[in-house]
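Notes follow the structure.
For ligands, and for the atoms within them, numbers begin at 1 and follow the listed sequence. Since we're looking at a predicted model, the values are computed, not measured.
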Amino acid sequence: TAKRSRSGTAIYDAETDSHRSEQLGVIGELNRAIAEDELVLHYQPKVATGTGELVGVEALVRWQHPDRGLLPPSEFIPQAEDDEIIVALTDAVLEMALVQHRSWREAGAELPVAVNIAAGGLYDNAFPDRVAAALARHAVPGAMLTLEITETSIISDPAEVQAILDRLRDLGVKLSIDDFGTGYSSMAYLQTMPLTELKIDRRFIRSVHESASDEAIVRAILQLAAALNLKVVAEGVESAAALAVLETMGCSYAQGYHMSRPMPADEVLPWAAGRIRV
Ligand code: C2E
Ligand code: CA
Ligand code: CA
Ligand code: CA
């Protein structure tokens with residue numbers, strides 16, 4: 001017998017069945033969502049801590065579901081990551097982000113965009129070729145695209161990932177480690193992978209202005225990044241106090257609700273008026 005969960009998903013009394021059928025349901029529906037253009041991207045500004053100017057945006061996917069409304073990624077990305085559909089989803093997101101980049105460029109703003117790549121999207125030998133084709137299709141220079149990947153996706157097969165990341169770097173694409181500090185304990189990959197950026201996970205950032213231990217971790221990451229010539233972005237900056245401390249500590253870039261929540265594409269340029277770097 002089906003009943004409704006708080007989020008409105010159909011769930012079933014038999015617990016083992018429920019996971020499986022919900023999973024199949026989401027994947028089947030995601031196929032339709034991609035075909036019918038139900039996925040939309042919101043964009044969150046990445047700013048320079050000192051001046052507040054906009055230096056880029058991160059694309060964050062949402063699902064405009066016909067019955068359930070606008071769904072956050074937590075409602076479907078984890079399921080998609082366990083399925084080959086993550087490949088089609090990643091391609092769709094990349095395509096939308098590049099189309100949007102071109103449209104901003106036509107409006108006079110050369111705005112670098114970052115796209116999140118799940119582990120399953122990375123372990124795919126054809127991925128760099130599809131990225132190259134997408135960049136060419138939209139005449140976007142590789143340097144305008146950052147791919148955000150997690151430590152855990154690098155660690156599961158470093159040799160294979162290295163080859164794929166090297167090919168992406170050859171396109172000029174920038175590579176960023178997302179949620180830095182929460183993944184694997186070995187940092188050997190930092191020396192070998194062709195990375196450009198670390199994003200410090202928001203758990204260390206939210207209270208950085210009032211927690212000595214958070215501050216110590218952030219300082220250590222900043223030092224490490226400087227020595228390795230990596231840019232650092234602090235994620236999850238929720239207050240002016242946190243932003244001020246980060247600037248004082250020498251963290252150059254920040255993202256978070258204090259500056260802006262992720263927003264629909266058409267709100268980005270109005271938000272950015274006066275902040276765009278020229
Ligand atoms: P993420 O890549 O770490 O993205 C940052 C998440 O933190 C976003 O949630 C963003 O809205 C939220 N956030 C930003 N600033 C703040 C803040 O100041 N405080 C707090 N508490 N949260 C903040 P969102 O959009 O719900 O995305 C969640 C996760 O879903 C992302 O985490 C990413 O792992 C995944 N995701 C989103 N879009 C995609 C996509 O296109 N492809 C893949 N594979 N994963 C995606
Ligand atoms: Ca991210
Ligand atoms: Ca993150
Ligand atoms: Ca994440």
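Minimum-distance N/O/S atom of Asp178 relative to the Ca ion (ligand 2): OD2. Restricting Glu148 to its N/O/S atoms, the shortest distance to the Ca ion (ligand 2) is reached by OE1. No other N/O/S atom of Glu58 lies as close to the Ca ion (ligand 2) as OE2 does.
Of the inter-residue distances, the one linking Leu195 atom CG with Phe180 atom CZ reads 9.5 Å to the nearest 0.5 angstrom. With rounding to the nearest 0.5 Å, the separation of CD1 in Ile177 from CG in Leu147 is 11.0 Å.
Comparing Leu122, Asn116, Leu60, Val61 by heavy-atom distance to atom 10 (C) of ligand 1, the nearest is Leu60.
Each of Lys199, Lys46, Glu235 was scored for a side chain to side chain donor-acceptor pair (under 3.5 Å) with Gln255, with one residue passing: Lys199.
Side chains of Glu29 and His65: a donor on one and an acceptor on the other come within 3.5 Å.
For Asn229, the CG atom counts as loosely surrounded, since its 6.0 Å shell holds 12 or fewer non-hydrogen atoms of other residues, nucleotides or ligands. Within 6.0 Å of CD on Glu210 lie more than 12 heavy atoms contributed by other residues, nucleotides or ligands.
For the Ca ion (ligand 3), the set of nearby N, O or S atoms under 3.0 Å includes one belonging to Glu235. Residue Asn116 counts as close to the Ca ion (ligand 2), with an N, O or S atom under 3.0 Å.
Short contacts between ligand 1 and Gln44, defined as distances under 4.0 Å to a heavy atom of the residue, involve ligand atoms 14 (C), 15 (N). Near Gly236, meaning under 4.0 Å from any of its heavy atoms, are these atoms of ligand 1: 16 (C), 17 (C), 18 (O). Every atom of ligand 1 is numbered from 1 in the order shown, and the set under 4.0 Å from a heavy atom of Ala118 is 44 (N). Each of the atoms 3 (O) of ligand 1 lies under 4.0 Å from some heavy atom of Asp179. Remark: ligand 1 atoms within the under-4.0 Å shell around heavy atoms of Val93 are 41 (O). Of all atoms in ligand 1, numbered sequentially from 1 with element shown, those under 4.0 Å from a heavy atom of Glu58 are 2 (O), 4 (O).
Using a 4.5 Å heavy-atom threshold, the side chains of Thr182 and Thr150 count as separate.
Between Trp271 and Tyr43, the gap from one ring centroid to the other reaches at least 6.0 Å.
Checked by distance only, ligand 1 and Asp178 come closer than 3.5 Å through their nitrogen or oxygen atoms.
In the hydrophobic cluster analysis, where Ile, Leu, Val, Met, Phe, Trp and Tyr join through side-chain heavy atoms closer than 4.5 angstrom, Met187 is grouped together with Ile154.
The closest approach between Glu235 and ligand 1 falls below 4.0 Å for a heavy atom of the residue. Ligand 1 is approached by Pro262 to a heavy-atom distance shorter than 4.0 Å. Ligand 1 lies within reach of Arg202, whose nearest heavy atom is under 4.0 Å from it.
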